[in-house]
Amino acid sequence: MARILITSALPYINGVKHLGNLVGSMLPADAYARYMRARGHEVLLICATDEHGTPAELAAAAAGKPVAEYCAEMHEVQKALGAGFRLSFDHFGRSSSARNHELTQHMAGRLYEAGLIEEVMERQVYSNADGRFLPDRYIEGTCPNCGYERARGDQCENCTKQLEPTDLINPRSAISGSSDLEVRETKHLYLMQSKMRGKLAEWIDTKIDWPVLATSIAKKWLNDGEGLQDRSITRDLDWGIPVKRGASVWPGMEGKVFYVWFDAPIEYIAATAEWADVNGLGDAAWERWWREDRGAEDVRYVEFMAKDNIPFHTLSFPATLMGTNFDGAEPWKLVDFIKGVNWLTYEGGKFSTSQGRGVFMDQALEILPSDYWRWWLLSNAPEGSDSDFTWEGFQGGVNKDLADVLGNFVSRVTKFCRSKFGEEVPAGGAYGAAEEAVIADLSARLKVYAAHWEAVELRKAAAELRAMWVVGNEYLQSAEPWAVFKTDPERAGAIVRFALNLIRLYGVLSAPFIPDASEAMLGAMGAEDAGWPEDVAAALSALPAGHGFKVPDNLFSKITDDAREEMAARFAGA
RNA sequence: GGGCCCGUAGCUCAAUUGGUCAGAGCAGACCGCUCAUAACGGUUUGGUUGGGGGUUCAAGUCCCUCCGGGCCUACCA
C-alpha cells in the first residue's frame with residue numbers, strides 16, 4: 001500500500017467554472033484518486049478555491065458585495081458544484097483560510113531568513129478614480145504600434161505587440177474608464193528565484209517521466225534569455241494575506257498583501273492542515289503528508305493542472321519550498337509527478353465567460369447527470385493536445401459508450417434473468433471454456449487498465465474500460481443464453497450467473513469514471529461493498545446462486561438529435 | 001522575433017521509443033441475433049503516415065527543408 005497525495009489546481013473564485021476548467025484539473029484528479037483508493041492505497045485529495053487577486057475584488061464589486069462575503073458565497077457555490085460532479089475531495093479549502101495566512105507568512109519569513117527576498121522599488125500605474133494600483137492588463141489605451149484603440153497595458157490584442165502600460169496613447173482604467181492615472185512608486189518583495197536556478201534545473205532534470213508539456217515549459221523559463229527571473233511576490237491590494245515575516249510586521253510593507261500566485265500553491269499545504277483541523281486530527285496528521293522529516297518521505301505527490309499553471313508548479317512553488325528549507329530544518333514535500341493537460345475548446349473556439357459561450361458546471365448539471373459529463377470529458381481529456389467539445393461528439397460518445405455498450409448490457413442481462421429465472425442469481429450449471437476465455441481476456445485487460453492508471457493516461461484507461469464492457473456483449477452474443485435456455489436451462493442459468501457477475505465487476509472497475517452508475521450497478525446487484533478484483537475468476541463467482549438482485553432503471557438514456565440541437569443553440573453564446 | 005508541441009482512415013485518436021502486412025472507436029457497407037435502451041455481435045470499405053530531401057539493413061518514429069495548425073514568451077489568474 002502506497003501513500004498518494006493528490007492536488008488539483010485551485011479553481012479561481014470569480015465565478016462558476018466551465019467544463020474546460022473541470023477537465024483541466026479537478027476531474028482527472030478525482031478520477032485518479034478514486035482509482036488509487038479502490039486499489040487500497042492511502043490517498044489524500046486536496047483542492048480549494050483560489051480567492052485572492054484583482055479579479056476577485058472586481059467580481060465582488062460587480063456583484064455589489066464586500067469581497068470577503070462574495071468569496072465566502074462563491075466558495076459554497078463551487079463546493080456544491082464539485083459535490084454535484086462527485087469530486088471526492090478529502091478537503092475543499094479556501095486560500096483565504098487562517099491556516100493559509102499563517103503558513104504563507106511563515107514561509108515568507110523563512111525565505112527572508114534565507115536571504116532570498118529582495119525589496120524592489122517599482123513604478124506602477126495608480127488610478128485615482130478607482131483608488132487602486134492597476135495591473136498592466138487593466139489599463140487600456142491606443143496601441144502605439146497599430147493604432148488599435150482597445151489595446152491592453154501588457155499586450156495589444158490586435159497586433160500582438162507586447163507593451164508597457166506607459167507605451168499606451170490615451171491610457172485609461174479598464175475598470176472605470178477614468179484617465180486620471182499617475183505613475184507612483186511602490187515597494188515590493190521579490191523572490192530571488194535566480195539564486196535557485198541551478199538547484200531547480202537539477203531537480204527538473206530528474207523528472208524524465210513528466211509530460212513534455214511540463215518539462216519543456218519549465219526548461220524554457222529556466223534557460224530563456226538571462227535565465228529564471230526574480231519575481232514579485234507582493235501586491236498593493238486590500239484583499240489578501242498581509243505581508244509579514246512569520247508573525248512579525250515587515251517594516252515598510254504595511255498595507256500590502258502577498259501575490260495570489262505566492263499564496264495559492266501554499267494553500268495545498270494549508271488546506272491539508274484545514275482538513276486535519278476539520279477532522280480534529282492535530283498537526284501531525286497533515287505534516288505526515290508534507291514534511292519529509294515527519295512521515296512524508298514515502299509519499300508520492302501528484303499534481304493535476306492545465307498548462308497555464310505549469311510554470312508556477314514547476315518553478316515558483318518548488319523554489320518557495322526549497323528556499324524555505326535553506327537550512328535543512330523544513331524539508332517540504334516536492335511534487336513527484338505533474339499531470340499537465342492542454343485546453344478543452346468549445347465547438348472549435350474558446351470557452352468564454354463574458355460571451356456566455358460554452359457549458360458551465362452549473363448548467364451542465366441542469367442538463368444531464370454528472371456521469372455523462374465525466375465520461376465524455378475524461379475519455380476525451382486534452383492530454384496530447386487541445387481537444388474540442390462538440391455536441392455531436394458528446395452525443396455520440398455518451399450514447400454509444402454509456403447507453404448502448406454498458407447500459408444496454410446491464411439491461412439485457414437483468415431483464416432476461418428476471419423473465420426466465422426471477423430476480424435472483426440462477427443456480428444451475430457450471431462455468432466452462434467460454435467463461436474461462438472471458439476470464440483470461442479480462443484478466444489481461446485489467447492489467448492494461450491498471451498500467452494506464454499508473455501512468456495517469458486517462459483516455460487510454462477509458463478506452464480499455466470500454467473494451468472490457470464490450471467483452472460482456474461479445475460473451476452474451478456467443479453464449480446466447482436465450483437460445484440455450486430452450487434446450488438446456490441449467491447451462492443458460494450458468495451463463496446468466498456469469499453475466500450478472502460481470503455487472504458487479506463493471507460496477508467496481510467503472511467507478512473512477514462514472515461513480516453514480518457504478519453505485520447503481522453495485523446496488524442493483526446487492527454488492528455495495530465490492531472490492532477491487534485482484535483475481536478476476538474469483539470476482540466473477542462473487543455473486544452466489546440464490547443471491548437476490550434488482551433490475552435497475554436504465555443506467556443512461558440517450559441524447560436525442562432534437563435535444564442536441566437545442567443545447568447547441570442555447571450555449572452558442574452571444 | 002524567439003522557443004515548444006502537433007500534422008496518421010471521412011471524424012477522434014493509438015502505434016511497445018528505429019523493427020512482422022500502420023491499429024482502435026465513431027461514421028459507411030454487408031451479414032447474423034432477437035435477451036436488451038431499433039440495442040448487441042461478425043465481416044468489410046477506407047491511409048504513398050502534410051509535401052520534398054537525407055541517414056539506415058530497416059523511418060510514422062532520427063536529421064534538414066517547405067506548407068499548415070496550436071501554445072508559451074513571466075506584475076489576470
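Numbers restart at 1 for each chain; the letters A, B, ... are given by sequence-line order, proteins then strands. Here the structure is a predicted model, which means the values were calculated and not measured.
- Residue A:Lys415 places at least one side-chain N or O closer than 4.0 Å to OP1 or OP2 of B:U37.
- Note on ring orientation: taking the six-membered ring where Trp is involved, the planes of A:Trp250 and A:Phe258 are perpendicular (angle over 60°, cut-offs 30° and 60°).
- Comparing B:C62 with B:U56, their C1' atoms are spaced 10 Å from each other, to the whole Å.
- Taking CD1 of A:Ile175 as the start and CD of A:Glu140 as the end, the distance is 10.0 Å to the nearest 0.5 Å.
- With B:C40, B:C13, B:A39 as the candidates, the nucleotide lying closest to the side chain of A:Gln477 is B:C40.
- Between the base of B:A36 and the side chain of A:Asn408 there is a donor-acceptor pair shorter than 3.5 Å.
- Pair assignment for B:A29 gives B:U43, based on Watson-Crick or G-U wobble hydrogen-bonding distances that are each under 3.5 Å.
- RNA chain B is contacted by both A:Arg231 and A:Asp308; A:Arg231 maps to the nucleotide lying nearer its 5′ end (nearest heavy atom per residue).
- The separation of B:U8 from B:U49, taken at their C1' atoms, amounts to 4 Å, rounded to a whole angstrom.
- For the residue pair A:Ser176 / A:Asp130, a side-chain donor-acceptor distance below 3.5 Å is found, with atom types taken as modelled.
- Remark: B:C21 base-pairs with no nucleotide; criterion is Watson-Crick or G-U wobble with both hydrogen-bond distances under 3.5 Å.
- Across the strands present, B:G60 finds no partner; the criterion is a Watson-Crick or G-U wobble pair with both atom distances under 3.5 angstrom.
- Applying the 4.0 Å criterion to OP1 and OP2 of B:A38, one finds that A:Arg412 has every side-chain N and O outside that range.
- Nucleotides B:U12 and B:G7 have their P atoms positioned 12 Å apart, rounded to a whole Å.
- Residue A:Phe556 is the one, among A:Val405 and A:Phe556, whose nearest nucleotide of RNA chain B lies closer to the 5' end (criterion: closest heavy atom).
- Nucleotides B:G60 and B:U16, compared at atom P, are 13 Å apart to the nearest Å.
- Using Watson-Crick or G-U wobble geometry with both donor-acceptor distances under 3.5 Å, B:C75 finds no partner in any strand shown.
- The base-pairing partner of B:C4, taking Watson-Crick or G-U wobble contacts with both distances under 3.5 Å, is B:G70.
- Using bins of under 30°, 30° to 60° and over 60° for the plane-to-plane angle, the ring pair A:Phe351/A:Phe360 lands in the perpendicular bin.
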